[in-house]
Amino acid sequence: MEPKNYAIVLYMNDEKTAMVKDWIRDLAPVCGSDYCMGTEPHITISAIIADDEEKVKEEAEKLSGILKKGEIKVGVIGAFNPFVLFLSPVVDSYLIESSQKANDHMLRVSEIGNKGRYIPGNWVPHMAVAMKLNKEGLNKGFARLSDIFTPFCAEIDKMALIKWEEDDPYQELAVYDLK
């Protein structure tokens with residue numbers, strides 16, 4: 001079996017998720033990309049590669065009992081030039097500990113994925129709101145997001161296991177409520 005790409009992501013409470021989805025819908029025509037409209041707003045805390053999906057699911061379920069609800073403070077607009085426009089939370093002990101726990105657990109049944117971009121110490125926490133952009137789309141999107149964005153706090157209340165493949169980049173395999 002060929003290894004697949006997986007991620008552990010954090011989801012916000014419904015109210016803040018709806019707010020960010022509204023921003024994504026607003027940005028899509030301005031940026032010229034609706035890619036983010038097909039995903040839940042999320043913060044990826046671990047990206048892995050594994051060839052045994054059942055082991056990955058089992059470990060993710062165990063992890064869901066360890067990770068806790070928490071609050072994030074989102075106050076920054078950022079870009080991975082020129083392809084991604086994102087919102088960035090304050091990097092605090094909640095996010096650092098969540099990322100460390102996720103990586104510690106998931107790497108028991110997998111290998112580091114996404115070129116190591118989501119391992120502690122090499123990770124830029126972010127919530128993509130527009131992706132697959134060109135320079136013009138990024139500039140227009142940044143200008144629009146600057147007009148509509150206001151900093152906010154949100155409760156993280158769910159964790160999800162995501163699988164992505166070239167032809168199906170955001171497959172939600174499981175969603176867990178955090179306690």
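No hydrogens, no waters, no symmetry mates; every other heavy atom, side chains included, goes into these values.
Between the side chain of Asn139 and the backbone N or O of Phe142 there is no donor-acceptor pair closer than 3.5 Å. Using modelled atom types, one side-chain atom of Ser64 and one backbone atom of Glu61 make a donor-acceptor pair closer than 3.5 Å. A donor-acceptor distance shorter than 3.5 angstrom exists from the side chain of Ser88 to the backbone of Pro125, with no hydrogens or angles considered.
For Phe80, the ring pair (Phe, Tyr, Trp, His ring centres under 6.0 Å) partners two or more places apart in sequence, or in a different chain, are Phe86, His126. The side-chain hydrogen bond (donor to acceptor under 3.5 Å, both in side chains) test applied to Lys57 returns no partner, not counting sequence neighbours. The side-chain hydrogen bond (donor to acceptor under 3.5 Å, both in side chains) search around Asp22 returns Arg25, not counting sequence neighbours. With sequence neighbours excluded, no residue forms a side-chain hydrogen bond (donor to acceptor under 3.5 Å, both in side chains) with Lys101. With sequence neighbours left out, the salt bridge (Lys or Arg N to Asp or Glu O under 4.0 Å) criterion links Glu165 to Lys4. Under the rule for a side-chain hydrogen bond (donor to acceptor under 3.5 Å, both in side chains), Glu97 has no partner lying at least two apart in sequence or in another chain. Legend: residues meeting salt bridge (Lys or Arg N to Asp or Glu O under 4.0 Å) with Lys69, ordered by chain and number and at least two apart, are absent. Residues that satisfy the side-chain contact (heavy atoms from CB on, under 4.5 Å) test with Asp14, not counting sequence neighbours, are Lys158. The salt bridge (Lys or Arg N to Asp or Glu O under 4.0 Å) check on Asp52 picks up nothing, with sequence neighbours excluded. Here Asp34 pairs with nothing under the salt bridge (Lys or Arg N to Asp or Glu O under 4.0 Å) rule; sequence neighbours left out.
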Item checked: Candidate pair Arg144 and Leu27, rule side chain to side chain contact (heavy atoms under 4.5 Å, CB included), full reasoning -> CA-CA 7 Å; Arg144 179 63 187 143; Leu27 287 169; 3.9 Å; yes
Margin query: Run the salt bridge (charged side-chain N to carboxylate O under 4.0 Å, His left out) test on Glu136 and Lys140 for me, step by step, so that the C-alpha distance in whole Å, both residues' side-chain angles and the decisive distance to 0.1 Å come before the verdict.
Written below: CA-CA 6 Å; Glu136 181 183 358; Lys140 288 179 177 180; 2.9 Å; yes
Notebook entry, point to check: Does the side chain to side chain contact (heavy atoms under 4.5 Å, CB included) test come out yes or no for Val129 and Cys36, once each step is laid out?
Noted result: CA-CA 6 Å; Val129 292; Cys36 284; 5.6 Å; no
Check: Given the rule in the side chain to side chain contact (heavy atoms under 4.5 Å, CB included) test, do Leu133 and Tyr35 qualify, once you have shown the distances and angles that lead to the verdict?
Finding: CA-CA 9 Å; Leu133 305 174; Tyr35 183 83; over 6 Å; no
Next item on the list: Given side chain to side chain contact (heavy atoms under 4.5 Å, CB included), test Met12 with Met127 step by step and report yes or no.
Entry: CA-CA 11 Å; Met12 300 177 293; Met127 185 181 314; 3.7 Å; yes
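Hydrophobic clustering of Ile, Leu, Val, Met, Phe, Trp and Tyr side chains at less than 4.5 Å, counting indirect connections, unites Leu138 with Ile148. Linking ILVMFWY residues whenever their side-chain heavy atoms come closer than 4.5 Å, directly or via other members, leaves Val91 and Leu87 in distinct clusters. When hydrophobic clusters are built by joining Ile, Leu, Val, Met, Phe, Trp and Tyr residues whose side-chain heavy atoms come closer than 4.5 Å, directly or via intermediates, Met159 is grouped together with Leu107. Transitive grouping of hydrophobic side chains (ILVMFWY, heavy atoms separated by less than 4.5 Å) brings Leu85 and Met37 into a common cluster. Note: the hydrophobic cluster containing Leu63 also contains Ile45 (ILVMFWY, side chain heavy atoms under 4.5 Å, direct or indirect links).
Between Asn13 atom CG and Met19 atom CE the span is 9.0 Å, to the nearest 0.5 Å. Between the OG atom of Ser98 and the CD1 atom of Ile43 there is a distance of 9.5 Å, given to the nearest 0.5 Å. Rounding to the nearest 0.5 angstrom, the gap separating the CG atom in Leu10 from the CD1 atom in Ile72 is 8.0 Å. The OG atom of Ser46 lies 10.0 Å from the CH2 atom of Trp123; values are rounded to the nearest 0.5 Å.
Looking only at side-chain heavy atoms (C-beta outward), Ile24 and Pro41 come within less than 4.5 Å of each other. Annotation: side chain of Asn114 is not in contact with side chain of Asn5 (no heavy-atom distance under 4.5 Å). Between Val56 and Met106 there is a side-chain heavy-atom pair separated by less than 4.5 Å. Counting only heavy atoms from C-beta outward, the side chains of Ile48 and Tyr118 never approach each other to under 4.5 Å. Ile96 has its side chain out of reach of Pro120: every pair of non-hydrogen atoms, C-beta onward, lies at least 4.5 Å apart. For the pair Asn81 and Lys135, the minimum side-chain heavy-atom distance is below 4.5 Å.
Only one option out of Glu53, Lys163, Glu59 pairs with Tyr6 in a side-chain hydrogen bond (donor to acceptor under 3.5 Å, both in side chains); it is Glu53.
Taking every heavy atom of both residues into account, Ala60 and Leu161 meet most closely at CB-CD2, 4.0 Å. Closest approach of Ala160 to Val175, counting heavy atoms only: CB-CG2, 4.1 Å. Closest of all the heavy-atom pairs between Ile49 and Gly113 is CG1-CA, 3.7 Å. In terms of heavy atoms, Val84 sits closest to Ala128 at CG1-CB, 4.1 Å.
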Enumerate, atom names and distances included, each donor-acceptor pair closer than 3.5 Å involving a side-chain atom of residues 149-157, sequence neighbours excluded.
none

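Every pair passing ring pair (Phe, Tyr, Trp, His ring centres under 6.0 Å) that includes a residue from residues 154-179 is listed here, sequence neighbours excluded: His42-Tyr170.
The number of heavy-atom neighbours closer than 6.0 Å to CD of Glu111, taken from other residues, nucleotides and ligands shown, is 12 or below.
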